[in-house]
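Because the structure is predicted, anything quoted here is derived from the model rather than measured. Numbering starts at 1 and runs along the sequence shown.
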Amino acid sequence: MAPKRSQPVPRKTRTDALRNRERILDVAKEAFTRFGANASLDEIARQAGVGPGTLYRHFPTRDALIEAVYRSEVEKLAAAERKFGETMPPIEALRAWMLLFVDHIAAKHIIAPALNSVAGGPTRLYESSRGLIHGALDALVKRAIKSGEVRRDLNSTDLLRALIGVFYVGTGPDSQQSARRVVDILIAGSRRV
């Protein structure tokens, strides 16, 4: 009988490699926001304090880096739901997350030209992130309803539509401030009477 071969144990990613990846993503977000999809990858690597080989090891193509930047931002938004839910009263957690979402939408509009360059366009990315975003807001809304702080008929989908709609109505210099005011209006209208 032949001896069984054990499967190789996947190696855990080193801490320094994770830090490098995060630095690259932070610098890339800024670069794509400022310079669009054609931002220099070599310059991104240099500003992140890594060599081009390290950048390409983590992100073999420009599209892979652009997608990773967007996904990272969505994951941070989803993680904020858990953090806010654990550290704030329900209505404050809901408001804080909605304000963070407003910032996310503003950043998405700024980085949209880079996202449009991704093969297949940004629709695939947006659809894959929709569940994370909706799930985070839905959890916060349910928690706020359970606490009795908001109306029982409050619906997370309605809140998302309202917030996204603000950005489609106006993209002027004060659109982000306006959206932040809308968050306060939505919170006030959501309170239990």
Chemist: Out of curiosity, does L132 fall in the hydrophobic cluster containing I164 (side-chain heavy atoms, cut-off under 4.5 Å, transitive links)?
Modeler: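 Yes, one cluster joins them.
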
Chemist: Quick one: OG1 on T61 to OH on Y56, what's the gap to the nearest 0.5 Å?
Modeler: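 So the OG1 of T61 and the OH of Y56 are separated by 9.5 Å.
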
Chemist: Do any pairs count as a salt bridge (charged side-chain N to carboxylate O under 4.0 Å, His left out) and have a residue in residues 145-159, sequence neighbours left out, and if so which ones?
Modeler: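 For residues 145-159, and leaving out neighbouring residues, the salt bridge (charged side-chain N to carboxylate O under 4.0 Å, His left out) pairs sorted by first residue read R151-D153, D158-R161.
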
Chemist: Using a 4.5 Å cut-off on heavy atoms from C-beta on, say whether the side chain of V141 contacts that of N155.
Modeler: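 Side chain of N155 against side chain of V141, heavy atoms only: no contact under 4.5 Å found.
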
Chemist: Report yes if some heavy atom in the side chain of V150 is under 4.5 Å from a heavy atom in the side chain of R192; otherwise report no.
Modeler: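 Not in contact.
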
Chemist: When rounded to the nearest 0.5 angstrom, what is the spacing between CD1 in I187 and CD in E92?
Modeler: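 Reported value, rounded in 0.5 Å steps: 10.0 Å.
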
Chemist: Identify the two heavy atoms, one from P89 and one from R143, that lie closest to each other, and give their separation to 0.1 Å.
Modeler: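 That would be C-NH1, 4.0 Å.
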
Chemist: By side-chain hydrogen bond (donor to acceptor under 3.5 Å, both in side chains), which residues pair with R19, not counting sequence neighbours?
Modeler: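 R19 satisfies side-chain hydrogen bond (donor to acceptor under 3.5 Å, both in side chains) with no other residue.
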
Chemist: Would you compute the distance between atom CZ of F59 and atom CG of L41 and round it to the nearest 0.5 angstrom?
Modeler: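 Output value for this atom pair is 11.0 Å.
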
Chemist: Could you check if a side-chain atom of S190 sits within less than 4.5 angstrom of a side-chain atom of L159, using non-hydrogen atoms only?
Modeler: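 S190 reaches L159 side chain to side chain.
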
Chemist: The test is salt bridge (Lys or Arg N to Asp or Glu O under 4.0 Å); show your working for K76 and D103 and say whether it passes.
Modeler: CA-CA 12 Å; K76 288 175 186 174; D103 294 341; over 6 Å; no

Chemist: With a 4.5 Å cut-off on side-chain heavy atoms, are K29 and L25 touching?
Modeler: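 Contact flag for L25/K29 side chains = no.
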
Chemist: Are the side chains of D42 and L55 in contact, using a 4.5 Å heavy-atom criterion?
Modeler: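 A side-chain contact is absent here, since even the closest heavy-atom pair is not under 4.5 Å.
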
Chemist: Are any of the side-chain heavy atoms of I44 and L65 separated by less than 4.5 Å?
Modeler: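 A side-chain contact exists here, since the closest heavy-atom pair is under 4.5 Å.
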
Chemist: Taking R82's backbone N and O only, do any of them form a donor-acceptor pair with W97's side chain (distance below 3.5 Å, no angle check)?
Modeler: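 Not at all, since once roles are kept as given, no pair shorter than 3.5 Å links the two residues.
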
Chemist: State which residues pass side-chain hydrogen bond (donor to acceptor under 3.5 Å, both in side chains) with R181; sequence neighbours excluded, sorted by chain then number.
Modeler: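 In terms of side-chain hydrogen bond (donor to acceptor under 3.5 Å, both in side chains), with neighbours along the sequence ignored, R181 is linked to no residue.
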
Chemist: Which residues pass the side-chain hydrogen bond (donor to acceptor under 3.5 Å, both in side chains) test with T54, not counting sequence neighbours?
Modeler: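 In terms of side-chain hydrogen bond (donor to acceptor under 3.5 Å, both in side chains), with neighbours along the sequence ignored, T54 is linked to R57.
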
Chemist: Go through the steps to decide whether Y70 and E75 satisfy the test side chain to side chain contact (heavy atoms under 4.5 Å, CB included), and finish with yes or no.
Modeler: CA-CA 9 Å; Y70 181 74; E75 289 166 1; over 6 Å; no

Chemist: CD1/I185 to CZ/R180 distance, rounded to the nearest 0.5 angstrom?
Modeler: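 It comes to 13.5 Å.
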
Chemist: I'd like to know if the side chain of T87 and the backbone of K83 have a donor-acceptor N/O pair within less than 3.5 Å.
Modeler: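 Checked: pair present.
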
Chemist: Checking S147 side chain against A144 main chain: does a donor-acceptor pair fall under 3.5 Å?
Modeler: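 Yes, S147 side chain to A144 backbone: donor-acceptor pair under 3.5 Å.
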
Chemist: Considering residues at least two apart in sequence or located in another chain, which fulfil the side-chain hydrogen bond (donor to acceptor under 3.5 Å, both in side chains) criterion with R46?
Modeler: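 E43.
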
Chemist: To the closest 0.5 Å, what do you measure between CE (M88) and CG (L94)?
Modeler: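 If I round to the nearest 0.5 Å, the distance is 11.0 Å.
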
Chemist: For the pair R71 and E67, find out whether any cationic side-chain nitrogen is under 4.0 Å from an anionic carboxylate oxygen.
Modeler: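 A salt bridge is present here (some side-chain N lies under 4.0 Å from a carboxylate O).
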
Chemist: Taking atom CD1 of I145 and atom OG of S156, what is their separation to the nearest 0.5 Å?
Modeler: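 One finds 8.5 Å between CD1 of I145 and OG of S156.
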
Chemist: Who pairs with R95 by salt bridge (charged side-chain N to carboxylate O under 4.0 Å, His left out), at least two apart in sequence or on another chain?
Modeler: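 Per chain and number, R95 pairs via salt bridge (charged side-chain N to carboxylate O under 4.0 Å, His left out) with D184.
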
